[in-house]
Amino acid sequence: MDLDTTPGIPPPDGQESHFHEPYNSLQIGTVIAFGITYLIATVFLALRYFQAFKLTKKIEIDLITITISYGVALVYFVTVVNCKSPVTIFRVKGLLINTLTYLICPCITKMAILSVLFQINPAKIYRCLVVAVALAIFAYTLTLCIITGGPCNPLHAGTTACLENVALSQAVLNIASDLAVIAIPIPTIHRLHFSEKQKVTVGCLLTLGSSVVICSIARLPYVLLLGKTADTTYTEAILGVWSLVEVNLGIICACAMRFKRLISIYLPRLSLSPSHTPRTAKLTEDTPMNRFQPKNTGGQHSYRLHSIHDGNPNPLAGTKDISVHRSFKVDEERTYLYRRDNDSTDKILA
């Protein structure tokens with residue numbers, strides 16, 4: 001029996017196996033989907049490094065983590081191609097690595113995103129929440145990897161149902177963790193002294209890294225279909241396409257959420273920095289500027305001028321103090337102020 005031309009399970013009714021034919025449209029689509037999204041991820045990662053070396057002058061932990069995820073995504077693609085290869089030995093050996101790399105890659109990307117969110121607010125409760133989410137993601141990823149490498153090892157016979165349960169658990173947990181990551185920065189953004197438009201923009205940047213939840217939701221129906229369809233391998237192939245797009249999109253979004261400095265310099269019209277307009281006032285030439293310190297008094301300000309005689313700062317003996325009170329209106333434009341606990345939000349986006 002030739003294992004390279006013998007199907008593992010009988011084809012569904014009305015379908016025939018075509019092992020002698022070249023790659024089908026789904027296999028070609030898999031390569032195209034990965035090629036396009038990985039190319040975009042490469043461009044975004046290159047821009048992130050450009051910003052780090054040229055603009056911010058520092059390499060941060062999220063950039064290192066994203067780079068690791070970028071490498072794991074490439075390994076995942078290679079194993080996907082090997083699993084669809086007509087050469088059986090590559091297909092068998094790549095199954096376990098393929099499963100593990102997909103479990104690990106989204107976890108690494110989320111750690112990069114959480115490392116950014118951890119820095120935007122120094123409040124203890126906020127940071128404890130970020131750490132708790134990170135530990136939860138690490139815990140369920142490690143658990144699924146142990147199960148996959150042990151009782152659900154795809155290299156062993158009779159583990160199909162177990163692997164389907166792992167895939168379903170991972171899909172549900174990924175969606176839940178993505179939503180948690182999206183929700184974490186919302187209270188901090190709400191307290192920012194930004195305009196509503198700027199709050200929305202900053203919020204979009206901070207939650208951009210978890211917009212990959214769209215792919216997680218899109219692939220969930222195919223995970224649910226695994227145990228019900230007769231053509232399991234075809235459904236798994238479709239899942240592979242969505243999974244490749246998901247891991248690459250996560251890298252793209254994790255890079256894009258740190259592009260504030262790049263945007264503010266090269267696309268200033270899209271800059272997120274609040275506009276600071278200095279207060280202005282109509283004053284005469286002899287108005288002492290060091291005496292002008294407007295407070296929140298509704299625009300009404302005054303100062304007192306004492307008379308000086310012959311260089312003597314004291315009034316003449318026998319005369320009353322002479323004082324002049326002058327009131328004037330000040331035309332001022334309010335500037336946006338930051339609370340101390342929100343300073344780091346603007347810095348980390350820079």
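Ile61 and Phe259 are not part of a single hydrophobic cluster, where members link through side-chain heavy atoms under 4.5 Å apart. Side-chain heavy atoms closer than 4.5 Å link hydrophobic residues (I, L, V, M, F, W, Y) into clusters, and following such links, possibly through other members, connects Ile36 to Phe44. Under a hydrophobic-cluster definition in which Ile, Leu, Val, Met, Phe, Trp and Tyr are linked whenever side-chain heavy atoms come within less than 4.5 Å, directly or via other members, Ile175 and Leu226 are assigned to the same cluster. With hydrophobic clusters built from ILVMFWY side chains whose heavy atoms lie under 4.5 angstrom apart, Leu39 does not share a cluster with Val245. No single ILVMFWY cluster, assembled from side-chain heavy atoms under 4.5 Å apart, contains both Val78 and Val72.
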Do Leu95 and Thr79 pass the side chain to side chain contact (heavy atoms under 4.5 Å, CB included) test, and can you show the C-alpha distance, the side-chain angles, and the key distance before you say yes or no?
CA-CA 7 Å; Leu95 283 173; Thr79 60; over 6 Å; no
I'd like to know whether Tyr222 forms a side-chain hydrogen bond (donor to acceptor under 3.5 Å, both in side chains) with Glu236, so could you lay out the CA-CA distance, the side-chain angles of the two residues, the decisive distance to 0.1 Å, and finally the verdict.
CA-CA 8 Å; Tyr222 295 100; Glu236 288 176 346; over 6 Å; no
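One finds the CG atom of Leu103 at 10.5 Å from the CG atom of Leu142 (value rounded to the nearest 0.5 Å). Taken from CD1 in Ile186 to CZ in Arg191, the straight-line distance is 12.0 Å, to the nearest 0.5 Å. Put simply, OG1 on Thr143 and CG on Leu173 are 9.5 Å apart, with the number rounded to the nearest 0.5 Å. Here the CD1 atom belonging to Ile238 is positioned 11.5 Å from the OG atom belonging to Ser243, to the nearest 0.5 angstrom. Note that the CG atom of Asn153 and the SG atom of Cys162 stand 10.0 Å from one another [nearest 0.5 Å]. Rounded to the nearest 0.5 angstrom, Glu246 CD and Tyr102 OH are separated by 3.5 Å.
When side chains are defined from C-beta on, Phe77 does not count as touching Tyr38, because their heavy atoms never get closer than 4.5 Å. Between Val80 and Asn98 the shortest side-chain heavy-atom distance falls below 4.5 Å. The side-chain heavy atoms of Phe138 and Met111, taken from C-beta on, include a pair separated by under 4.5 Å.
Thr141 and Ile104 make their closest contact through CG2-CA, 4.3 Å (heavy atoms, listed as atom of the first residue, atom of the second, distance). Taking all atoms of both residues into account, the shortest heavy-atom contact from Arg261 to Ser264 is O-OG, 2.9 Å. Residue Ile184 comes nearest to Pro187 through the heavy atom pair O-CD, 3.4 Å, listed as atom of the first residue, atom of the second, then distance. Closest approach of Ala171 to Arg219, counting heavy atoms only: CB-NH1, 4.1 Å. The nearest pair of heavy atoms linking Leu114 to Val130 is O-CG1, 3.6 Å. In terms of heavy atoms, Val116 sits closest to Met257 at CG1-CE, 4.0 Å.
Applying the side chain to side chain donor-acceptor pair (under 3.5 Å) rule to pairs touching residues 63-77 yields Thr42-Tyr70, Tyr49-Thr67, Ser69-Thr109, sequence neighbours excluded. Here salt bridge (charged side-chain N to carboxylate O under 4.0 Å, His left out) pairs that include residues 27-49, with residues two or more places apart or in two chains, are Arg48-Glu60, Arg48-Asp62. Each side chain to side chain donor-acceptor pair (under 3.5 Å) pair with one or both residues in residues 160-174, not counting sequence neighbours, appears once here: Lys110-Asn174, Tyr140-Asn174.
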Taking distance alone, no hydrogens or angles, what donor-acceptor pairs closer than 3.5 Å link side-chain atoms of residues 248-255 to residues at least two apart or in another chain?
unit_1: Asn248; atom_1: ND2; unit_2: Thr37; atom_2: OG1; d: 2.8
unit_1: Asn248; atom_1: ND2; unit_2: Leu244; atom_2: O; d: 3.3

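A donor-acceptor pair under 3.5 Å is absent between the side-chain atoms of Gln51 and the main chain of Ala46, judged by distance alone.
Judged as a side-chain contact (heavy atoms from CB on, under 4.5 Å), and not counting sequence neighbours, the contacts of Leu168 are Val172, Leu220, Val223, Leu224. In terms of the ring pair (Phe, Tyr, Trp, His ring centres under 6.0 Å) criterion, Phe118 has no residue partners (sequence neighbours excluded).
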